[in-house]
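What follows is a single structure, written as structure tokens, with notes after it.
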Amino acid sequence: MTPDLSNCVEAARALLGWKLVHETAQGKTSGYIVETEAYDMSEPASHSYGGQRLRNAPMYQEKGTIYVYFTYGMHYCMNIVTGPKGHGQAVLIRALQPVEGIELMKQRRGLVSEKNIANGPAKLTQALGIDRSQNNTHLQGGALYLEPGITPQGIVQTTRIGISKAVGHPWRFYIAGSDYISRR
DNA sequence: AGAGCGATGGCCT
DNA sequence: GGCCATCGCTCTA
């Protein structure tokens with residue numbers, strides 16, 4: 001069960017409130033998606049810009065494919081692929097509100113505050129135990145999947161964070177008033 | 001074959 | 001607010 005993933009910008013909005021779940025040998029962890037960003041092959045901030053290559057190939061797969069990339073020599077970030085096969089687009093999951101397996105997530109993150117468990121794209125992959133082995137897998141039928149969660153009472157749309165190109169696109173979304181987003 | 005740099009986070013001041 | 005860790009992908013030669 002997934003929201004409509006036919007377009008990255010609409011999907012980024014629609015994914016807010018859904019519960020992202022990961023089941024591992026250590027246990028089950030999950031959180032409500034509270035912050036997202038859309039990326040599309042038409043703009044240079046996207047990994048899919050400039051055509052398909054080995055690294056970005058998952059972005060060109062079927063909607064619901066998972067794209068995990070490694071950056072800054074130490075961080076993993078996770079995206080949910082959207083659009084038809086052959087169109088390089090995806091939604092970056094930027095923050096979660098912890099729900100299940102909070103103790104395990106704290107253990108993985110090595111800290112105490114619940115607000116800091118998953119309030120950033122690389123923090124949430126560490127908390128849920130996501131790495132390269134989930135890259136190019138699919139939300140359907142895997143250990144990493146979506147479940148219905150909460151209905152956001154308000155959604156804020158603004159510009160994306162941490163990029164230097166195509167900075168004007170208002171393709172970042174977060175749940176209004178959430179204490180678990182990376183920044184306002 | 002090799003240099004440059006990034007959709008970041010943590011720790012320091 | 002600023003700096004640094006750390007590595008693999010991409011581009012150029």
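First the proteins, then the strands, lettered A, B, ... as listed; each starts at 1.
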Presence of [X] side-chain N/O under 4.0 Å of [N] phosphate oxygens OP1/OP2:
X         : N      : result
Arg55(A)  : dG8(C) : no
Arg172(A) : dA7(B) : no
Lys165(A) : dG6(B) : no

Just call it for [X]: base, sugar-phosphate, or nothing, with non-hydrogen atoms closer than 4.0 Å on any strand.
X         : value
Arg109(A) : sugar-phosphate
Ile163(A) : sugar-phosphate
Met59(A)  : base
Arg53(A)  : sugar-phosphate

Take atom [atom1] of [X] as the centre, draw a 6.0 Å sphere, and report whether it contains more than 12 heavy atoms from other residues, nucleotides or ligands.
X         : atom1 : answer
Glu62(A)  : CD    : no
Glu147(A) : CD    : yes
Tyr49(A)  : OH    : no

**OP:** Would you mind pulling out the nucleotide paired to dA1(B), Watson-Crick or G-U wobble, both distances under 3.5 Å?
**Re:**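 Check on dA1(B): paired to dT12(C), both distances under 3.5 Å.
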
Original post:
Across all strands, who's sitting opposite dG10(B) as a Watson-Crick or G-U wobble pair, both distances under 3.5 Å?
Top reply: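 Partner of dG10(B): dC3(C).
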
Original post:
Any chain of hydrophobic side-chain contacts (each under 4.5 Å) joining Phe70(A) to Ile130(A)?
Top reply: yes

Provide, to the nearest angstrom, the distance between the [atom1] atom belonging to [X] and the [atom2] atom belonging to [N].
X         : N       : atom1 : atom2 : value
Asn119(A) : dG9(B)  : CG    : P     : 8 Å
Asp131(A) : dC7(C)  : CG    : P     : 15 Å
Asn116(A) : dG10(B) : CG    : C1'   : 11 Å
Arg160(A) : dT8(B)  : CZ    : P     : 11 Å
Tyr76(A)  : dC7(C)  : OH    : P     : 10 Å
Arg108(A) : dG9(B)  : CZ    : P     : 17 Å
Gln89(A)  : dA7(B)  : CD    : P     : 18 Å
Glu35(A)  : dA7(B)  : CD    : P     : 16 Å

Original post:
Taking the six-membered ring for Trp, are the ring centroids of His87(A) and Tyr60(A) within less than 6.0 Å of each other?
Top reply: no

Output the single nucleotide from [options] whose closest atom is nearest the side chain of [X].
X         : options                 : value
Pro121(A) : dG9(B), dA7(B), dG10(B) : dG9(B)
His75(A)  : dG9(B), dC11(C), dA7(B) : dG9(B)
Ala122(A) : dG9(B), dA7(B), dC9(C)  : dG9(B)

Are any protein N/O atoms closer than 3.5 Å to N/O atoms in nucleotides 11-13 of chain B? If there are, list each pair with its distance.
none

**OP:** Could you check Lys123(A) against Ser48(A) and say which one's nearest nucleotide on DNA chain B is further toward the 5' end?
**Re:** Ser48(A)

Original post:
Among residues 64-74 of chain A, which residues get a heavy atom nearer than 4.0 Å to DNA chain C?
Top reply: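 Contacting residues: Phe70(A), Tyr72(A), Gly73(A), Met74(A).
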
**OP:** Please state whether the rings of Tyr72(A) and His75(A) are parallel, tilted or perpendicular, taking 30° and 60° as the class boundaries.
**Re:**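 The arrangement is perpendicular - the two ring planes meet at more than 60°.
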
Is it true that [X] and [Y] make a salt bridge, defined as a side-chain N closer than 4.0 Å to a carboxylate O?
X         : Y         : result
Glu35(A)  : Arg172(A) : yes
Glu114(A) : Arg109(A) : no
Arg94(A)  : Glu37(A)  : yes

**OP:** Assess Arg183(A) against Tyr174(A): is NZ or CZ under 6.0 Å from the centre of the six-membered ring, and within 45 degrees of the ring's axis?
**Re:**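 No, a cation-pi geometry is absent between Arg183(A) and Tyr174(A).
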
**OP:** Keeping the roles fixed (side chain from Ser30(A), backbone from Val21(A)), state whether a donor-acceptor pair exists under 3.5 Å.
**Re:**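 Absent.
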
